[in-house]
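A short worksheet on the structure shown next.
We number each residue from 1, following the sequence as shown. The structure presented is a predicted model; accordingly, all values stated were derived computationally and were not measured.
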Amino acid sequence: MPPIVLTTLKFLFLALLYLFIARAVRVIWLDLVGSRSSRKRQQSSQPSGRRRGAPRSISVAEPDKPVRTFTLSEELTFGRSESCDVALEDTYTSNLHARLFVKDGSWFVEDLGSTNGTYLNRVKVTAPAPIAVGDEVRVGKTIVEVRKQ
């Protein structure tokens, strides 16, 4: 094979190698910090609670049980204990698992030191987090949907 062909193949191989490395670094970077367009899309797709309306009730869907609806009052506690406002038979739920409460006119969800955690829209709750109509709170295997009516 002529030397010019070998040199051309070497440069093509190096170009492909650098392209591969650049793409790999880009994917890792976007995975760590996210793209600007996805952050803008997340901010615009989650309007504030005021525009979506104030929550007035919740629906509780336990596995293999009918859906129950509760009207929001000052505070609702969730857990397996009979003293909880929403007593659950979910074995993945702690005795006193989580609570929904109102503060300064806004509703929040808080995990009360449960073993399996509380999730708001598939994100683990580590501190009191604001909730709005349409949000989904997972307590064990139970799904709590925040509603307007």
Practice task
Establish, yes or no, whether the cationic atom of R99 lies under 6.0 Å from the six-membered ring centre of F101 and within 45° of the ring axis.
Solution key: yes
Nearest-0.5 Å distance that lies between atom [atom1] in [X] and atom [atom2] in [Y]:
{"X": "L16", "Y": "I21", "atom1": "CG", "atom2": "CD1", "value": "11.5 Å"}
{"X": "L96", "Y": "C84", "atom1": "CG", "atom2": "SG", "value": "5.0 Å"}
{"X": "D90", "Y": "R138", "atom1": "CG", "atom2": "CZ", "value": "9.5 Å"}
{"X": "L100", "Y": "F78", "atom1": "CG", "atom2": "CZ", "value": "4.0 Å"}
{"X": "D64", "Y": "K141", "atom1": "CG", "atom2": "NZ", "value": "9.5 Å"}

So which atom in [X] and which in [Y] form the shortest heavy-atom distance, rounded to 0.1 Å?
{"X": "V67", "Y": "A61", "answer": "CG2-CB, 4.1 Å"}
{"X": "G140", "Y": "T93", "answer": "CA-OG1, 4.0 Å"}
{"X": "L120", "Y": "A129", "answer": "CD2-CB, 3.8 Å"}
{"X": "P63", "Y": "T142", "answer": "CD-OG1, 4.2 Å"}
{"X": "K103", "Y": "F108", "answer": "O-CE1, 3.7 Å"}

Non-hydrogen side-chain atoms of [X] and [Y] separated by less than 4.5 Å:
{"X": "V133", "Y": "R147", "answer": "no"}
{"X": "W107", "Y": "L72", "answer": "yes"}
{"X": "I58", "Y": "T69", "answer": "no"}
{"X": "T118", "Y": "H97", "answer": "yes"}
{"X": "K148", "Y": "P55", "answer": "no"}
{"X": "E136", "Y": "I143", "answer": "yes"}
{"X": "L6", "Y": "P3", "answer": "no"}
{"X": "T7", "Y": "F11", "answer": "yes"}

Exercise for the section: For atom CD1 of I4, decide whether the heavy atoms of other residues, nucleotides or ligands shown that lie under 6.0 angstrom number more than 12. Expected result: no
Practice task
Give a yes or no on whether a salt bridge exists between E62 and R68, defined as a side-chain N under 4.0 angstrom from a carboxylate O.
Solution key: yes
Practice task
Measure from the side-chain N and O atoms of T71 to the backbone N and O of S57, and report whether any donor-acceptor pair falls under 3.5 Å.
Solution key: no
Handout entry: Expected output: side-chain T77 to main-chain D85 donor-acceptor under 3.5 Å
Key = yes
Problem - Side-chain H-bond candidate by donor/acceptor type, N95 with S81, under 3.5 Å - result: no
Problem - salt bridge (charged side-chain N to carboxylate O under 4.0 Å, His left out) assessment of R80 paired with E89 - result: CA-CA 6 Å; R80 285 188 291 149; E89 294 180 21; over 6 Å; no
Problem - Those residues that, when tested against F70, pass ring-ring contact (aromatic ring centres under 6.0 Å, His included) (two or more places apart) - result: none
Problem - Joint hydrophobic cluster, I131 plus V102, side-chain heavy atoms closer than 4.5 Å - result: yes
